Amino acid sequence: MNISRPAWALFLAALGLTSARGAGADLPWTTYEAETMHTTGSVLGPKYQPYCVETESSGERCVRLSAGEFVGFSAAADANALVVRYSVPDADQGGGLSAELTLQVDGAVVRTLPLTSRYSHLYGKYPFTNDPRAGAHRNFYDEVRVSGLKIAKGSVVRLEKTATGAPTCVVDLVDLESVRPPRPAPVNALSLVDFGGIGDGRADATEALRTCIAAAAKARRPVWVPPGRYVLTGDINVPSGVTIAGAGMWYSTFVGDPALYNRPDRRVRFRLAGDHIVLADFAIIGRLDYRNDNEPNDGLVCQGCSNSVIARIWVEHTKVGLWAYNGDHLRVEGCRFRDTIADGVNLCVGTIATVIENCTARGTGDDCFAIWPSPSDQGFAEAHRPGGNVIRDCTGQLPFLANGGALYGGAGNRIEDCRFTDITAGCGILISSTFPTSDPALKIDNNFSGTTVVRGCELLRCGGYDHDWAWRGALQICLDRRSISGLAISDVTIADSLSDGFSVVAPGAAKGEGTLTNTRLENVTVTKVGLGTTSPSGGLWIRDDASGALVAENCHFSTVHNDSKSFKIETR
């Protein structure tokens, strides 16, 4: 199940896809941190403890603005689009408040940006509530995006809080981007508009899109989504051989109806089932403001989807960005997952030989990118061991729960050349047997097998306070339901960890599942640990419940603490 770039080269070139190089995604925007801007507001942070807005901020710092206060900076390059990551306080009883920022360029007001906290602020223990009385406050941030701007290199960009709405707001960062012109319609495509779809953000386009897809499948022609905002109020089932292409993630957008979003069957959900499906170049903006794991996922759901591509899709305010199960050879390229209630991407159950590449996840409510071969509903994959999946050249930032990249089992899965920053509620990378992967009654065992690889990754300001597990290491191996064997971790740099740098813990030791074997670290470097806790255990820490061994070659740890009499560290 080896996956190589050359095997996809011609297919990706035909779709206009490119591969990133180095650690992390190839970001087409420039980020400006609020705390580095000129401001009349109050700079907050850094803080590293849970349940505060600073800890959920990039670099653990942000700026609070009252009416008339502003942040401003000079643009380093031309731009025509902008994203502001912000936080507006919640209403006393929950439900959110509104606020406004004026966007000024070189002294002229060019836009008023509406802000809301309707889709942020959760409380209490997992799976959370919207009631502030539950305490344990999290999910402070949301984002607003604006296009069609004219910002020249050197222009002064200023965001000023108006007197409208909430008395304060917090600005974390601003992204400026030069967005390319809209993509043209694919050759011989069927236009959604010709089937009655109206992109005015008000008319319901659900039946028009369904009819267009059915006609496209029959005629073997692509579906074209012209620029506009199309309201969807029900499932969009995408069968084999269908391509749905938009003008770009900044131009063609599917949005949910807030009045119907309390009903799981009336949300924005693209369900892919079949072979050779392509989705490309549009956005999905949901309206979900609570978490209920008994409800199905919205966003992108791949059910037994094979040999298919999802490219340059922006997903926001859904339960998950993409949930894939029982499929193979799916490729997800150049997508952005923002402010989801749960995972950015989860390759679940029987997912095989799937690549997530050059994608970003920010502000997710669970793992940014995860691989979890759950034994449930394994379907066609029963005869094939789930695995061979790759998370490559991706960037994960600022989830308000869980981890940047997470591997929970499977055969030979990999995380390569990724960058995880400000993971303050968990690990930058977690390798764990916490979640179930086996069902003896069904004769399914999807525990770690073969060689699981982590290589070429950067972890910056990770290893925060997990609300159920206390402090996590920036990179942690957690031996829980099962022991783990066959890990190869190389060329990883870990810096400014909130807690430990690299840790091995074994809560499963009490039931005989606390052993790590056949594990090798090579060229792993940890510098500066303990930003958030006064008693970090070390750059490399083996907890007293772990057993087994690891080999460390050419590794550099700030400190090493092996608290286990049953664990051996062999250095070379």
Side-chain angles (χ1 to χ4, degrees), residues 29 31-73 82-92 94-104 111-123 128 130 132 135-146 157-176 289 316-317 338-341 362-365 397-401 421-425 461 464-465 498 532:
W29 64 84
T31 296
Y32 302 81
E33 298 285 351
E35 65 273 11
T36 68
M37 299 176 188
H38 178 57
T39 184
T40 56
S42 302
V43 177
L44 307 180
K47 285 186 180 179
Y48 305 102
Q49 63 264 39
Y51 316 128
C52 57
V53 68
E54 295 92 336
T55 307
E56 285 192 20
S57 303
S58 176
E60 291 67 62
R61 295 198 295 167
C62 53
V63 175
R64 184 176 60 218
L65 302 177
S66 298
E69 295 180 334
F70 66 87
V71 292
F73 61 95
L82 169 148
V83 172
V84 181
R85 188 170 192 256
Y86 69 88
S87 177
V88 172
D90 200 0
D92 290 342
L97 297 172
S98 298
E100 289 180 348
L101 290 171
T102 60
L103 170 61
Q104 304 173 31
R111 200 73 62 91
T112 298
L113 307 183
L115 313 181
T116 180
S117 56
R118 176 175 179 177
Y119 302 106
S120 50
H121 301 296
L122 294 173
Y123 306 90
F128 317 127
N130 298 88
H137 193 178
R138 75 194 75 222
N139 189 24
F140 289 88
Y141 278 102
D142 201 349
E143 297 184 4
V144 60
R145 67 176 193 162
V146 184
V157 179
R158 176 165 154 165
L159 298 169
E160 183 173 316
K161 171 75 174 67
T162 73
T164 299
T168 65
C169 72
V170 168
V171 177
D172 182 25
L173 56 83
V174 175
D175 295 333
L176 291 186
D289 60 0
E316 186 171 320
H317 289 315
R338 301 285 179 88
D339 300 307
T340 56
I341 292 292
R362 187 165 73 193
T364 61
Q397 301 170 283
L398 297 158
F400 63 83
L401 178 72
T421 65
D422 298 299
I423 314 295
T424 58
R461 296 185 301 273
Y465 191 85
L498 277 66

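Note that the numbering runs from 1 along the sequence shown for the chain. Keep in mind the model is a prediction, meaning the values are calculated, not measured.
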Kindly give the heavy-atom pair with the smallest separation between [X] and [Y], and that separation in Å.
X: Ala163; Y: Ala67; result: CA-CB, 3.9 Å
X: Thr39; Y: Val63; result: OG1-CG1, 3.5 Å
X: Tyr86; Y: Val84; result: CD2-O, 3.6 Å
X: Pro89; Y: Ala166; result: CD-CB, 4.1 Å
X: Ser57; Y: Tyr141; result: OG-OH, 2.6 Å
X: Gly59; Y: Arg461; result: CA-NE, 3.5 Å

Is there a donor-acceptor pair under 3.5 Å between the side chain of Thr424 and the backbone N or O of Gly464?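 Pair absent, no side-chain N/O of Thr424 close to backbone of Gly464.
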State whether the side chain of Thr364 and the backbone N or O of Pro399 hold a donor-acceptor pair below 3.5 Å, judged by distance alone.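 Absent.
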What I'd like to find out is whether the side chain of [X] reaches to under 4.5 Å of the side chain of [Y], using heavy atoms alone.
X: Asp142; Y: Glu316; value: yes
X: Glu33; Y: Leu173; value: yes
X: Thr168; Y: Val170; value: no
X: Leu398; Y: Glu56; value: no
X: Phe70; Y: His38; value: yes
X: Asp90; Y: Tyr123; value: yes
X: Val83; Y: Arg338; value: yes
X: Leu101; Y: Lys161; value: yes

So, taking the atom named [atom1] in [X] and the one named [atom2] in [Y], what distance separates them when rounded to the nearest 0.5 Å?
X: Tyr48; Y: Glu60; atom1: OH; atom2: CD; result: 5.5 Å
X: Leu44; Y: Cys52; atom1: CG; atom2: SG; result: 10.0 Å
X: Phe400; Y: Thr340; atom1: CZ; atom2: OG1; result: 7.0 Å
X: Arg111; Y: Glu100; atom1: CZ; atom2: CD; result: 13.5 Å
X: Leu176; Y: Phe73; atom1: CG; atom2: CZ; result: 4.5 Å
X: Leu159; Y: Leu82; atom1: CG; atom2: CG; result: 6.5 Å

Using 30° and 60° as the class boundaries, would you call the ring planes of Tyr119 and His317 parallel, tilted or perpendicular?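 Correct class here is tilted.
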With a 4.0 Å cut-off on N to O distance, would you call Arg362 and Asp172 a salt bridge?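 Looking at Asp172 together with Arg362, the answer is no, because their closest N to O distance does not fall below 4.0 Å.
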Between Arg158 and Glu160, does any NZ, NE, NH1 or NH2 come within less than 4.0 Å of an OD or OE carboxylate oxygen?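 Counted as a salt bridge, because a side-chain N and a carboxylate O are separated by less than 4.0 Å.
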Ser87, Cys169, Ser42 screened by side chain to side chain contact (heavy atoms under 4.5 Å, CB included) with Arg64, the one that passes: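 That would be Ser42.
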For Leu122 and Leu401, what are the C-alpha separation, side-chain angles and deciding distance, and is it a side-chain contact (heavy atoms from CB on, under 4.5 Å)? CA-CA 11 Å; Leu122 294 173; Leu401 178 72; over 6 Å; no
Step by step, would you call Val157 with Val174 a side-chain contact (heavy atoms from CB on, under 4.5 Å)? CA-CA 10 Å; Val157 179; Val174 175; 5.6 Å; no
List the steps, then state whether side chain to side chain donor-acceptor pair (under 3.5 Å) holds for Ser58 with Gln397. CA-CA 8 Å; Ser58 176; Gln397 301 170 283; 5.3 Å; no
